[in-house]
Enquirer: 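One structure, pasted below without further comment.
None of these values were measured; they are calculated from a predicted model. Convention: sequence-line order gives letters A, B, ...; per-chain numbering from 1.
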2 protein chains.
Amino acid sequence: MGITERKTREKQEMRTKILEAAKDVFIEEGYEKASIRAIAERIEYSPATIYLYYKDKNELFHEVHELGFEKLTEEFRLSDSIENPFERLRALGHTYMKFGITNPEIYDLMFIQKAPMEAIKETDEGWDCGLTCLTYLKTTLEECIAKQYIQPTEINLLSISIWSYMHGLTSLHIRDRFHIFKDFDIEKLLYGSVELMLGMIKQNTISRPENQ
Amino acid sequence: MGITERKTREKQEMRTKILEAAKDVFIEEGYEKASIRAIAERIEYSPATIYLYYKDKNELFHEVHELGFEKLTEEFRLSDSIENPFERLRALGHTYMKFGITNPEIYDLMFIQKAPMEAIKETDEGWDCGLTCLTYLKTTLEECIAKQYIQPTEINLLSISIWSYMHGLTSLHIRDRFHIFKDFDIEKLLYGSVELMLGMIKQNTISRPENQ
DNA sequence: TAAATTTAATAAACACTGTTTAGTAAATCC
DNA sequence: GGATTTACTAAACAGTGTTTATTAAATTTA
C-alpha cells in the first residue's frame, strides 16, 4: 500500500522542514532568539505541531547541532588532498577556528551549549558526530607522529590537547573575552597562537635528532 | 546629617544582600535556575525590588561574575610563595582548572556566558577583573622567560595561548564534550594535558643551549 | 506637632518562553 | 457511507525578565 509509504515520507519531509527552519532561525537570530514559536512561525505552523515531530527543544537543537558537524566535517574534508600531514594539521586548525568565527551560533551549539549533550544522555547513543571530527584530528596527528613531524605522544592526550587549545582560542574570542587585548589585532593574535602551537609541537622533533 | 549616611549605607547593604543571594542561588541551582524571582524569594523581597538596586539581570550577574574573579584571584595568590616561576605556572594552571571544575556555574559566568560582557559594554569600564587575572599569568610567564625556563616569546601571544589552552580543557570538560574519551580517566587526561603543555614550552629551552 | 514630600516596596500587568491538553477537521479504512 | 485514525491547532499552564501604578512608611518642611 503506497499510502503508508507516502505518509512516512511526508513525516520525514516535515521533520527536515522544521529542522531547516530551526537552523535558519539559529543562524540569523542566534541561540537566544531561536524559540519554538519563532521556528513555527517561519514554517507557518503552530508551535504545538513541532512537538508532533520532535520530543522537545533539546532533541530539535541536537539535530541542528548535527547539521553543524556535517558542515564542519565537509570543510575538514577539503584538506584531505594535502599530502604533508603537518600542513594538513595546520589547515584543520585554521578551518576549525574560521568555522567558529564565521558560524558563532552553530559553534555555540556544537561545543558550548549543554542542550545537545543532554539530548544524547536521554538516548543510548553516543556523541558520534563529535567522535567523527575528533577521529579526523587523531588520524592526522598519528600520521604526523609516524612521519616524525611530532614527537611520539599518547594519541588521546595529544588530540585532547590540540582540540582544547583550538577551542579555547575560538570560544574565548566569540565570547568576547579577548577585548582586553584591545591594542592588538585579535585575529592576528589568534592565527599567531596557532603558529606558536604548531611551532612548539614541531620543534620538539627537530631538536631531538634521535627521533629522526 | 546622619540620615543620608545611614540611607546610603542601607542602600549598599541591600545591594550586597541581593548580590550574595544571587551568588548563592547561582552556586546551588545553576545559571538556568538563577531567576530574578528565585533570588527575590531568597531574600524575602518582591522581584521588582531588585530593579531598584540593579539596572537589570546583566548588571547583577556582572557583579556575581566579579565575585568569582575575587575568589579565583584569591586562590591564585596562594601560589605567590612559590619561588620557581615555572613551578608557579604549573600551580596556576592546576588552580585554574580546579576552580572551573569545582565551581562550574561561576566559571560559566566568568568565561563562557555573554551576559557579563554585555554589562561591560553598556558602561565605559573595561574587563578589569579579567585583566587582573591575565596580568597574574603574564608576570609569571615573563619571569619564566627572564629565568630562561621558557623560550623568549611575545608575551601577549604566549599568555593568550596558555590561557586558551587551560580554558579549552576546562570548558570542554564541564560542558561534557570529553565523554567520548569514556574509556579513560578524564581528570587524569586533563592533568596529563597540562603536563604535556608545560613539557612542550619548557623543553624548548632545554633543547636550545644558546639560551642558557 | 501637623501637613507636605520624598522614599521604599510591591502587586499586577506585559510580553515573552517551553510544553501539554482538549478539541476539530480532514484523510483513510472498512 | 459511516467509523476510525491522523494531522493540526487554540488555548491554557507555569515559568521568564521587566515596567507601571499604587501604597505605606520615613523624612522634611512649615
Enquirer: Roughly how far apart are A:Glu20 CD and A:Arg42 CZ, rounded to 0.5 Å?
Expert: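 Those atoms lie 11.0 Å apart.
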Enquirer: Parallel, tilted or perpendicular, judged at 30° and 60°: which one describes the rings of A:Phe61 and A:Tyr31?
Expert: perpendicular
Enquirer: To the nearest Å, how far apart are A:Arg9 CZ and D:dA7 P?
Expert: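 Rounded to the whole Å, the gap is 14 Å.
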Enquirer: Within residues 37-53 of chain A, which residues have any heavy atom lying less than 4.0 Å from an atom of DNA chain C?
Expert: A:Arg37, A:Ala48, A:Tyr51
Enquirer: When you match B:Lys11 and A:Lys55 each to their closest nucleotide on DNA chain C, which lands nearer the 5' end?
Expert: B:Lys11
Enquirer: Rounded to the Å, how far apart are B:Met14 CE and C:dT10 C1'?
Expert: 12 Å
Enquirer: Measure NZ/B:Lys57 against P/C:dC16 and give the value in whole Å, please.
Expert: 18 Å
Enquirer: For the pair made of CD1 in A:Ile36 and P in C:dT20, what is the distance, rounded to whole Å?
Expert: 11 Å
Enquirer: Rounded to the nearest angstrom, tell me the gap between atom CZ in B:Arg15 and atom P in C:dA8.
Expert: 14 Å
Enquirer: Tell me whether the NZ or CZ atom of B:Lys202 lies within the 45° cone about the ring axis of B:Tyr149 and under 6.0 Å from its centre.
Expert: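 That pair does not qualify as a cation-pi contact.
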Enquirer: Quick one: side chains of residues 164-172 of chain B, donor-acceptor pairs under 3.5 Å with protein atoms, not counting sequence neighbours, listed by atom name and distance.
Expert:
| from | atom 1 | to | atom 2 | distance (Å) |
| --- | --- | --- | --- | --- |
| B:Ser164 | OG | B:Ile160 | O | 2.8 |
| B:Tyr165 | OH | A:Ser161 | OG | 2.8 |
| B:Tyr165 | OH | B:Ser193 | O | 2.7 |
| B:His167 | ND1 | B:Tyr107 | OH | 2.7 |
| B:His167 | NE2 | A:Ser171 | OG | 3.2 |
| B:Thr170 | OG1 | B:Met166 | O | 2.7 |
| B:Ser171 | OG | A:His167 | NE2 | 3.2 |
| B:Ser171 | OG | B:His167 | O | 2.7 |

Enquirer: Could you check whether B:Glu105 pairs with A:Lys114 (Lys NZ or Arg NE/NH1/NH2 to Asp/Glu carboxylate O, under 4.0 Å)?
Expert: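 Judged by the 4.0 Å cut-off on N to carboxylate O distance, B:Glu105 and A:Lys114 do form a salt bridge.
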Enquirer: Let me know the distance between CD of A:Glu59 and C1' of C:dG18, rounded to the nearest Å.
Expert: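 Computing the A:Glu59:CD to C:dG18:C1' distance gives 15 Å.
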Enquirer: What is the distance, rounded to the nearest whole Å, between atom CD of B:Glu10 and atom P of D:dT27?
Expert: 8 Å
Enquirer: Any salt bridge linking B:Lys98 with B:Glu75? Criterion: basic side-chain nitrogen under 4.0 Å from a carboxylate oxygen.
Expert: no
Enquirer: Once you round it to whole Å, what is the distance between P of C:dT19 and CZ of A:Phe61?
Expert: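 Value for this atom pair: 9 Å.
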